[in-house]
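Written below as structure tokens is the structure these notes are about.
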Amino acid sequence: MSHKSAKDFFRPLAVGAPLPLREIPARPSRAIHFFDPSNEKMAAKIPGMIGTVDVLLGNLEDAVKADNKVAAREGLVKIAQATDFGPTQLWTRINALDSPWVLDDLTTLVPAIGEKLDVIMVPKVQGAEDIHYVDRLLAQLEAKAGITKPILIHAILETARGVANVEEICGASPRMQGLSLGPADLAADRKMKTTRVGGGHPGYLVRQDPPRDAEGNSQIDAQRAIFQQDLWHYTIAKMVDACATHGIYPYYGPFGDIADVVACEDQFRNAFLLGCVGTWSLHPKQIAIANRVFSPSVEDIAHARRVVAAMGDGTGAVMIDGKMEDDASLKQCLVLVALAEQLAEIDPELKKTYDAIEVTA
Ligand SMILES: CC(C)(COP(=O)(O)OP(=O)(O)OC[C@H]1O[C@@H](n2cnc3c(N)ncnc32)[C@H](O)[C@@H]1OP(=O)(O)O)[C@@H](O)C(=O)NCCC(=O)NCCSC(=O)C[C@](C)(O)C(=O)O
Ligand SMILES: [Mg+2]
């Protein structure tokens, strides 16, 4: 097997293409909001959403009817050309690499709106070879169109092989920006026996042991607590480790039960706590949930700042409220403080909230 030299990653893959980035910027992306550019009612709402959501994503793949694929592509070009996105990022999800639409997606979008597109999400990525294909093609198209900044790639993990190859996918190109979980396709590909788009399942549970009677016999019919488990824990944890290893960003993905805003918030928060930086929003009402969950809470920031203040030069151990804090808990607190600072830069309301926190001794 041949390997690139380390320095090859810093050279463009086509003469005249922009230089690859050495670091992926940590731009806030709490919610990646999906819209179908062929749906005129939905598309009309997009300019008004700028500034209220971190990422707007024109979706061309699944959830867009086959008859509307060309209209979606052309609709995205029209919206992007006519709109100043200000602080909001513009992403797209192209069709799958084995579909009849993807080549036209790329050869249309890059020349027409390549300067405005921050990230291209590639669905159903199986291994590094899929990223290499898109990487080279993007470089050629960028060079031809005179694009000045490299368009980044985000891969959706939605096949068993993609999950098995997650490490090589993350490291396949300096364009790799991050990963999202694609729970619906992944469930189908793995032959899981669920029928939902993300979220939990009441059958995936652990049950409390049965109580015993005076003779020591198990009372299996007694009332026992059950604890529903998270179907996605393994995959998300694997994604988080692979992304952290490669300096890129993990995201949860879709939560299809739009009406169940409570369970949606729980699923998002699990991902936030495990290390994800954001999630998807399929419906306008999921944006506020994502923004709330993926912004550190006032309590967390108040505590983090207290630890930072108490830890002085960052070494040693101190007691705060009966708990030991040391170098490693300080590092966790610094993750939260840094995230709050990034978010405050783009979200004036949040800045006011964080600025108002008083640090107690
Ligand atoms: C769920 C649906 C059908 C409910 O659509 P609805 O019309 O029934 O909803 P509504 O509550 O009646 O809508 C209220 C208003 O909001 C608008 N609206 C509604 N949604 C949006 C939106 N996203 N962006 C902007 N506006 C939106 C809608 O047009 C309407 O406007 P109106 O008040 O003027 O009548 C609709 O929200 C929708 O199509 N959302 C996007 C779905 C999507 O992108 N799915 C693909 C991603 S998930 C996936 O692919 C899986 C994955 C990763 O690949 C894998 O796990 O394998
Ligand atoms: Mg999918």
Side-chain angles (χ1 to χ4, degrees), residues 31-66 68-69 71-73 75-76 79-80 83 85 88-99 101-102 105 119-126 130 154-163 178-192 194-201 231-232 235-236 239 250-261 264 267-268 271 276 278-291:
I32 303 167
H33 181 73
F34 271 58
F35 68 95
D36 173 353
S38 73
N39 177 327
E40 282 177 18
K41 225 167 83 180
M42 223 188 257
K45 293 206 157 50
I46 296 311
M49 296 175 81
I50 290 166
T52 68
V53 60
D54 296 340
V55 179
L56 286 165
L57 180 145
N59 176 34
L60 307 183
E61 200 225 7
D62 293 357
V64 175
K65 275 182 134 351
N68 292 345
K69 292 290 184 185
R73 186 190 301 137
L76 177 59
I79 295 168
T83 310
F85 287 87
T88 299
Q89 297 184 58
L90 177 66
W91 294 21
T92 185
R93 178 170 77 170
I94 55 171
N95 283 288
L97 298 179
D98 62 355
S99 75
W101 304 293
V102 66
D105 290 345
V119 175
I120 291 181
M121 194 181 263
V122 183
K124 302 178 176 82
V125 170
Q126 300 272 21
D130 288 340
H154 181 108
I156 314 180
L157 281 195
E158 45 187 352
T159 64
R161 187 150 85 80
V163 176
L179 295 179
S180 287
L181 173 73
D185 269 300
L186 181 57
D189 192 64
R190 283 175 171 164
K191 298 189 171 35
M192 288 167 67
T194 53
T195 56
R196 304 174 175 200
V197 178
H201 192 287
L231 285 166
W232 308 109
T235 313
I236 291 176
M239 283 171 50
Y251 297 76
Y252 167 65
F255 190 89
D257 191 345
I258 308 288
D260 191 352
V261 290
C264 176
Q267 184 79 60
F268 287 179
C276 291
T279 185
W280 298 11
S281 144
L282 302 184
H283 186 280
K285 70 178 168 188
Q286 292 184 332
I287 294 173
I289 305 172
N291 285 351

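Ligands are counted one by one from 1 in listed order, and the atoms in each one are counted from 1 as well.
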What protein heavy atom lies closest to [atom]? Include the residue and the distance to one decimal.
{"atom": "atom 37 (O) of ligand 1", "answer": "L282 O, 3.3 Å"}
{"atom": "atom 20 (N) of ligand 1", "answer": "P284 CD, 3.6 Å"}
{"atom": "atom 5 (O) of ligand 1", "answer": "H283 CD2, 4.7 Å"}
{"atom": "atom 24 (N) of ligand 1", "answer": "H33 NE2, 2.8 Å"}
{"atom": "atom 29 (O) of ligand 1", "answer": "K41 CE, 3.7 Å"}
{"atom": "atom 25 (C) of ligand 1", "answer": "M42 CG, 3.4 Å"}
{"atom": "atom 34 (O) of ligand 1", "answer": "K45 NZ, 2.5 Å"}
{"atom": "atom 56 (O) of ligand 1", "answer": "A184 N, 2.7 Å"}

[atom1]/[X] to [atom2]/[Y] distance, rounded to the nearest 0.5 angstrom?
{"X": "L97", "Y": "K124", "atom1": "CG", "atom2": "NZ", "value": "10.0 Å"}
{"X": "N291", "Y": "H33", "atom1": "CG", "atom2": "NE2", "value": "11.5 Å"}
{"X": "I258", "Y": "L282", "atom1": "CD1", "atom2": "CG", "value": "5.0 Å"}
{"X": "T52", "Y": "L56", "atom1": "OG1", "atom2": "CG", "value": "7.0 Å"}
{"X": "T92", "Y": "L76", "atom1": "OG1", "atom2": "CG", "value": "5.0 Å"}
{"X": "T88", "Y": "W91", "atom1": "OG1", "atom2": "CH2", "value": "12.5 Å"}

Protein heavy atoms near [atom], is at least one of them under 4.0 angstrom away?
{"atom": "atom 13 (O) of ligand 1", "result": "yes"}
{"atom": "atom 2 (C) of ligand 1", "result": "no"}
{"atom": "atom 8 (O) of ligand 1", "result": "no"}
{"atom": "atom 53 (C) of ligand 1", "result": "yes"}

I46-ligand 1 polar pair, N/O distance under 3.5 Å: no
Going by the closest heavy atom to [atom], which one wins out of [options]?
{"atom": "atom 50 (O) of ligand 1", "options": "E61, R93, R196", "result": "R93"}
{"atom": "atom 57 (O) of ligand 1", "options": "N59, D185, V197", "result": "D185"}
{"atom": "atom 48 (S) of ligand 1", "options": "A63, P254, A187", "result": "P254"}

Is the shortest distance from a heavy atom of [X] to ligand 1 less than 4.0 Å?
{"X": "D36", "answer": "no"}
{"X": "D62", "answer": "yes"}
{"X": "P183", "answer": "yes"}

M121 side chain reached by I156 side chain, heavy atoms, under 4.5 Å: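 With C-beta onward as the side chain, the pair touches.
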Min side-chain heavy-atom separation Q89-D54 under 4.5 Å: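 Side-chain contact under 4.5 Å: no.
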Flag for N95-D105: side-chain donor and acceptor within less than 3.5 Å: yes
Donor-acceptor under 3.5 Å (S281 side chain, I32 main chain): no
Where ligand 1 meets E158 - atom numbers and elements under 4.0 angstrom, heavy-atom basis: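 Those atoms are 52 (C), 54 (O), 55 (C), 57 (O).
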Smallest separation among heavy atoms of R93 and N59, with atom names: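 Taking R93 first and N59 second, the nearest heavy atoms are NE-OD1, 2.9 Å.
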The Mg ion (ligand 2) contact by E158, N, O or S atom under 2.8 Å: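 Yes.
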The Mg ion (ligand 2) to nearest N/O/S of D185 below 2.8 Å: yes
Check against side chain to side chain donor-acceptor pair (under 3.5 Å), R190 and T235: CA-CA 12 Å; R190 283 175 171 164; T235 313; 2.8 Å; yes
Aromatic contact, F34 with H283 (centres under 6.0 Å): no
